[in-house]
Amino acid sequence: MSVTGKSIIVVGAGMVGVSTALELSKRGAKVTLLDKSEPGRETSYGNAGVLARSSLMPINNPTLLSQLPGLIGNRGAGLRYDPWFLAANLKWAVRFMLSSRPSVFRKTTQALDSLIRLSIEKHLQLLDQTGMRGHLSDQGWIFLYREQESFERTALLRQTLAAHEVPVSHLRPQEISELEPALMPIFKHGLWIKGSYSVNDPGAIVTGYARRFAETGGVFVQSGVERISENDDGTEARLSSGETLRADKLIVCLGPWSRNFLKQSGYDVTMAYERGYHMHFSGASRSDRKRLTRPVYDTGGGYVLAPMTQGLRLTTGVELADCDAPKSDRQLKQAEKAAREAIFLGEPVQDESWLGRRPTFPDSRPAIGLAPSSRNIYFAFGHQHIGFATGPGTALVLADLMEGKTPAIDAAPFNPERFITRRAS
Ligand SMILES: Cc1cc2nc3c(=O)[nH]c(=O)nc-3n(C[C@H](O)[C@H](O)[C@H](O)COP(=O)(O)OP(=O)(O)OC[C@H]3O[C@@H](n4cnc5c(N)ncnc54)[C@H](O)[C@@H]3O)c2cc1C
């Protein structure tokens with residue numbers, strides 16, 4: 001069941017879609033990649049650029065229940081929610097909570113660890129092939145703790161990272177200052193996640209992979225897609241222009257937009273949106289000021305700060321709200337205030353904040369594989385906080401599944417049927 005010579009449409013050109021299109025094109029398929037924008041202009045543009053083994057730890061881990069009382073006030077920088085959204089997505093919320101049980105958590109960390117490892121290896125190859133290795137830092141990232149008690153609550157995190165052999169160093173205040181002199185001495189503990197990477201311009205990396213896709217003979221068409229369908233001859237995508245494209249197979253990689261998009265094609269997708277914002281700041285303005293050299297996660301402040309080509313990128317935690325609900329800068333303002341306690345941020349270097357949506361299934365694992373009740377439509381979306389890191393691994397797994405090969409990692413935990421059903425037509 002080789003894909004060589006097969007025509008394949010990939011809908012969505014974020015990190016997941018571009019990586020998938022590139023992998024299939026390299027395997028000899030005739031691939032058309034579709035997106036309403038240029039590749040990598042949405043969620044895959046504005047993230048924190050972290051590629052880290054530590055991301056195997058989902059938010060819904062066994063400590064979630066004990067955190068609930070602190071979340072009820074809905075004022076935290078790390079997590080906010082729109083109660084109406086939660087009420088309308090109760091099925092997702094209940095299943096998200098249930099997935100924090102130790103048995104599900106263990107399966108998830110195992111599955112995410114294998115996907116992250118595979119992906120990082122592939123990213124390194126792709127960055128070399130595209131001449132973009134210079135965008136990558138191998139200095140890991142640091143979790144920072146302002147209070148002794150908050151560090152003590154990391155026991156499960158530390159145990160889990162140790163169980164998966166993620167290299168971590170416990171940092172004392174002096175060591176934090178030595179590693180990152182730009183930080184104010186307000187942190188009592190740090191966890192330095194080593195053997196991990198970050199990039200200084202995630203959007204540019206997607207653009208580079210898309211360029212490589214074109215070099216392998218792939219075709220990118222900038223167009224919105226209205227709906228998809230399948231018949232005895234294969235698959236179809238109806239474009240916003242009214243034109244219809246046909247192919248043997250079709251893959252949906254629409255990230256957060258997948259759920260609403262698939263509704264009209266008869267699929268029910270139990271997925272939510274963990275929205276997050278970013279703003280760039282000038283950071284050090286004079287030569288005597290020290291610059292941040294790697295991403296840091298201020299756990300008390302509820303933000304990640306990452307050095308990017310555009311400036312210091314301040315990214316916020318989670319806002320559970322509808323995909324297209326209006327923006328609210330409350331969390332960003334809160335994060336900015338906290339970040340100013342930790343570092344010299346300087347001035348904002350953009351007029352408006354950026355909003356992204358992390359697409360999240362209840363068990364925090366993406367959907368990768370054949371669409372339910374389908375022969376030729378495939379899904380690859382729902383990569384929550386780690387889709388920039390795990391796009392290339394997703395592509396390898398999906399391409400193997402499409403070719404009837406056994407993927408390098410167990411694909412069963414990513415079966416789309418976990419949370420996607422197809423209504424009888
Ligand atoms: C604040 C924040 C920080 C993050 N930090 C990290 C991090 O450090 N590391 C990490 O690995 N991940 C991180 N993530 C998560 C990561 O960004 C996402 O998981 C990932 O970008 C999802 O990629 P994707 O290709 O699935 O979706 P997207 O990048 O959103 O791509 C989907 C594409 O579909 C297109 N599209 C939508 N509708 C249509 C349509 N009808 N027709 C045609 N095209 C359409 C869009 O234009 C878009 O290009 C972060 C996310 C946020 C919000």
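Note: hydrogens, waters and symmetry copies are ignored here, and every other heavy atom, side chains too, is used. Here the structure is a predicted model, which means the values were calculated and not measured. As the structure lists them, so they are numbered: ligands from 1, and atoms in each ligand from 1.
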What residue and atom, counting heavy atoms only, is the protein's closest point to [atom], and at what distance?
{"atom": "atom 35 (C) of ligand 1", "result": "D35 OD2, 3.1 Å"}
{"atom": "atom 50 (C) of ligand 1", "result": "N47 CB, 3.2 Å"}
{"atom": "atom 52 (C) of ligand 1", "result": "R358 NE, 3.5 Å"}

Which bit of [X] gets closer than 4.0 Å to ligand 1, counting heavy atoms only: side chain, backbone, both or neither?
{"X": "K36", "value": "both"}
{"X": "F388", "value": "both"}
{"X": "S55", "value": "neither"}
{"X": "P256", "value": "side chain"}

Going by the rule salt bridge (Lys or Arg N to Asp or Glu O under 4.0 Å), which residues pair with K327 if we only count those two or more places apart in sequence or in a different chain?
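Here the qualifying residues are E352.
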Just jot down the salt bridge (Lys or Arg N to Asp or Glu O under 4.0 Å) partners of E403, sequence neighbours excluded, or say none.
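Result, salt bridge (Lys or Arg N to Asp or Glu O under 4.0 Å) vs E403: R27, K405.
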Just to verify, which of W192, Y297, F187 counts as forming a ring-ring contact (aromatic ring centres under 6.0 Å, His included) with F143?
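Running ring-ring contact (aromatic ring centres under 6.0 Å, His included) over W192, Y297, F187 with F143 returns exactly one hit, Y297.
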F151 and H189 aromatic ring geometry - parallel, tilted or perpendicular at 30°/60° bounds:
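The arrangement is parallel - the two ring planes meet at less than 30°.
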Proximal ligand 1 atoms for [X], defined as those under 4.0 Å from one of its heavy atoms:
{"X": "G224", "result": "42 (N), 43 (C)"}
{"X": "Q384", "result": "15 (C), 18 (C), 19 (O)"}
{"X": "H383", "result": "19 (O)"}
{"X": "V50", "result": "7 (C), 8 (O), 9 (N), 10 (C), 11 (O)"}
{"X": "G49", "result": "7 (C), 8 (O)"}
{"X": "C253", "result": "32 (C)"}
{"X": "S223", "result": "43 (C)"}

Under 3.5 Å between some N or O of ligand 1 and some N or O of [X]?
{"X": "V225", "answer": "yes"}
{"X": "H385", "answer": "yes"}
{"X": "A389", "answer": "yes"}
{"X": "G40", "answer": "no"}
{"X": "L254", "answer": "no"}

Go through W257 and F261 one step at a time and tell me if the ring pair (Phe, Tyr, Trp, His ring centres under 6.0 Å) criterion holds.
CA-CA 6 Å; W257 291 278; F261 177 84; over 10 Å; no
Quiz item: cation-pi between R95 and F419, 6.0 Å / 45°:
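No, a cation-pi geometry is absent between R95 and F419.
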With T360, which of R365, E274, Q384, H385 fulfils side-chain hydrogen bond (donor to acceptor under 3.5 Å, both in side chains)?
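It is E274, the one option of R365, E274, Q384, H385 that forms the side-chain hydrogen bond (donor to acceptor under 3.5 Å, both in side chains) with T360.
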Please confirm whether H135 and Y197 have ring centers closer than 6.0 angstrom.
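When the ring centroids of H135 and Y197 are compared, they turn out to be at least 6.0 Å apart.
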Under the criterion side chain to side chain contact (heavy atoms under 4.5 Å, CB included), I'd like the reasoning laid out for N47 against R358: C-alpha separation, chi angles, the key distance, then a yes or no.
CA-CA 9 Å; N47 57 71; R358 307 170 182 98; over 6 Å; no
Less than 4.5 Å apart, side chain to side chain, heavy atoms only: is that true for L115 and T394?
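Yes. Closest side-chain heavy atoms under 4.5 Å.
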If you take the nearest heavy atom of each of S44, A48, A237, S37, which one is closest to atom 23 (O) of ligand 1?
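Answer by nearest heavy atom: S44.
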Donor-acceptor side-chain pairing of T316 and Q331 below 3.5 angstrom:
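Note: T316 and Q331 side chains miss the donor-acceptor criterion.
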Does any donor atom in the side chain of T108 or D363 lie under 3.5 Å from an acceptor atom in the other side chain?
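Judged by distance alone, the side chains do not pair up.
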